[in-house]
Amino acid sequence: DPISNLRVIKHAMDKDYNERKAELHGAVLSDIARDKFKEALKHYKYEIDRFEHGIRQIEYKDTVRKAFHYMNATFKTKFAKESRAIVGWRLFQIVFIVSMIPELIRSEYKNDPDLSIADLEVANLLYFPTGGGKTEAFLGVTVFSMFFDRLRGKNDGITAIIKYPLRLLAVQQLDRVLAVIMKANTIRESAPELKNKNPFHVGFYVGKEN
């Protein structure tokens, strides 16, 4: 039942937004500072609305809900001798993943007015300190998309491309990506509706000099 937990987060965001909006009315600010405060509140409200739209897709679209469930099950899976076990999402991770869902599914539901907030012309930048959990956040988005593809009938082809700026970083991250894809295949094989679908694969492009 992911909706109840997501609604708790949404309620806390709404409460925080309203408190900050009240701060604006009571604050003594210069015109420039007040304009910046209003602009920040506008962007904050936009992010809250994106999160709400993502929740609604999980709540009302069966395929989306299943893909979200399989994605969570993937990251909950722990291999033998694995030291890093993910017991739950960090707050920014789950909000980021859910907020991305309208963009991820828009091509499948082109005529759904509830997806009008999805903007495929905008790049989403996730900025967080090293070790904060960015990799799991964008891999969560990727794994959701993989399962959504299989559930909607896309049994072949590329779901995502991950590009790293440094060769050494790409080699280091390959192990983490492979582990997640292996876990996703474990979940896929255990699901009656997916076990006969094509398995997930990773292609590693190293360049002709390697």
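Just so it is clear, the model here is predicted, and its values are computed rather than measured.
In this structure, OG in S145 is found 13.5 Å from CD1 in I158, a value given to the nearest 0.5 Å. Interatomic distance, OH of Y44 versus NZ of K21, reported as 13.0 Å (0.5 Å rounding). The CZ atom of R150 sits 8.5 Å away from the NZ atom of K197 when rounded to the nearest 0.5 Å. Put simply, CD1 on I48 and CZ on R50 are 12.5 Å apart, with the number rounded to the nearest 0.5 Å. To the nearest 0.5 angstrom, D149 atom CG is 11.5 Å from T63 atom OG1. Note: D114 CG to I117 CD1 = 9.0 Å, rounded to the nearest 0.5 Å.
Between V64 and L104 there is no side-chain heavy-atom pair separated by less than 4.5 Å. Two residues are said to be in side-chain contact when any heavy atoms from C-beta on lie closer than 4.5 Å; K10 and D14 meet this criterion. Between Q172 and Y164 there is no side-chain heavy-atom pair separated by less than 4.5 Å. Between I97 and W89, the closest side-chain pair of non-hydrogen atoms falls below 4.5 Å. Counting heavy atoms from C-beta outward, P2 and N72 have side chains that stay 4.5 Å or more apart. Side-chain contact between L120 and E103: present, with at least one pair of heavy atoms (C-beta onward) separated by less than 4.5 Å. F200 places none of its side-chain heavy atoms less than 4.5 Å from the side chain of T159.
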Verdict with supporting geometry, I187 and L194, side chain to side chain contact (heavy atoms under 4.5 Å, CB included):
CA-CA 9 Å; I187 298 302; L194 295 175; over 6 Å; no

Tell me, with the steps shown, if M13 and I9 meet side chain to side chain contact (heavy atoms under 4.5 Å, CB included).
CA-CA 6 Å; M13 293 172 77; I9 299 172; 4.0 Å; yes

I would like to know whether M146 and I181 meet side chain to side chain contact (heavy atoms under 4.5 Å, CB included); could you show each step before the answer?
CA-CA 10 Å; M146 287 159 45; I181 301 305; 3.5 Å; yes

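Here the closest heavy-atom approach between residue F51 and residue L6 is recorded as CE2-O, 3.7 Å. Across every non-hydrogen atom of F147 and T74, the tightest pair is CE1-OG1, 3.3 Å. In terms of heavy-atom proximity, Y70 sits nearest to E193 at OH-OE2, 2.6 Å. Here the shortest heavy-atom pairing between D112 and Q57 reads OD2-OE1, 4.1 Å. Residues L126 and A137 approach most closely at CD2-CB, 3.6 Å, considering heavy atoms. Across L24 and K38, no two heavy atoms sit closer than the pair CD2-CG, 3.7 Å.
In this structure, the side chain of D16 does not engage the main chain of A12 through any donor-acceptor pair within 3.5 Å. The backbone N or O of G132 lies less than 3.5 Å from a partner atom in the side chain of R90, making a donor-acceptor pair. Checked by atom type and distance alone, the side chain of Q93 pairs as donor or acceptor with a backbone atom of G133 at under 3.5 Å.
Residues V202 and F79 do not share a hydrophobic cluster, clusters being chains of Ile/Leu/Val/Met/Phe/Trp/Tyr side chains in contact below 4.5 Å. Linking ILVMFWY side-chain heavy atoms closer than 4.5 Å, directly or via other members, places V141 and F92 in a single hydrophobic cluster. Hydrophobic clustering places L139 together with L91 (ILVMFWY residues linked when any side-chain heavy atoms are closer than 4.5 Å, directly or through intermediates).
In this structure, R7 pairs ionically with E52, as a charged nitrogen and a carboxylate oxygen lie closer than 4.0 Å. Using a cut-off of 4.0 Å between Lys/Arg side-chain N and Asp/Glu carboxylate O, R34 and D31 are scored as not salt-bridged. Comment: R56 does not engage E59 in a salt bridge, judged by the lack of any side-chain N to carboxylate O separation of less than 4.0 angstrom. Taking 4.0 Å as the cut-off between side-chain N and carboxylate O, E108 and K154 do not count as a salt-bridged pair.
Ring geometry for F148 versus Y109: interplanar angle of 30 to 60°, hence tilted. Taking the six-membered ring where tryptophan is involved, the planes of F144 and F68 are perpendicular, since the angle between them exceeds 60° and thus also 30°.
Taking the six-membered ring for Trp, F96 and F138 have ring centres at least 6.0 Å apart.
In I161, the CD1 atom is not crowded: 12 or fewer heavy atoms of neighbouring residues, nucleotides or ligands sit closer than 6.0 Å. The number of heavy-atom neighbours closer than 6.0 Å to OH of Y60, taken from other residues, nucleotides and ligands shown, is 12 or below. Heavy-atom contacts from other residues, nucleotides or ligands closer than 6.0 Å to NE2 of H69 number 12 or fewer.
Under the 3.5 Å distance criterion, with hydrogens and angles disregarded, a donor-acceptor pair is assigned to the side chains of E39 and H43.
Taking the centre and axis of the six-membered ring of F75, the NZ or CZ atom of K183 falls outside the cone set by 45° and 6.0 Å.
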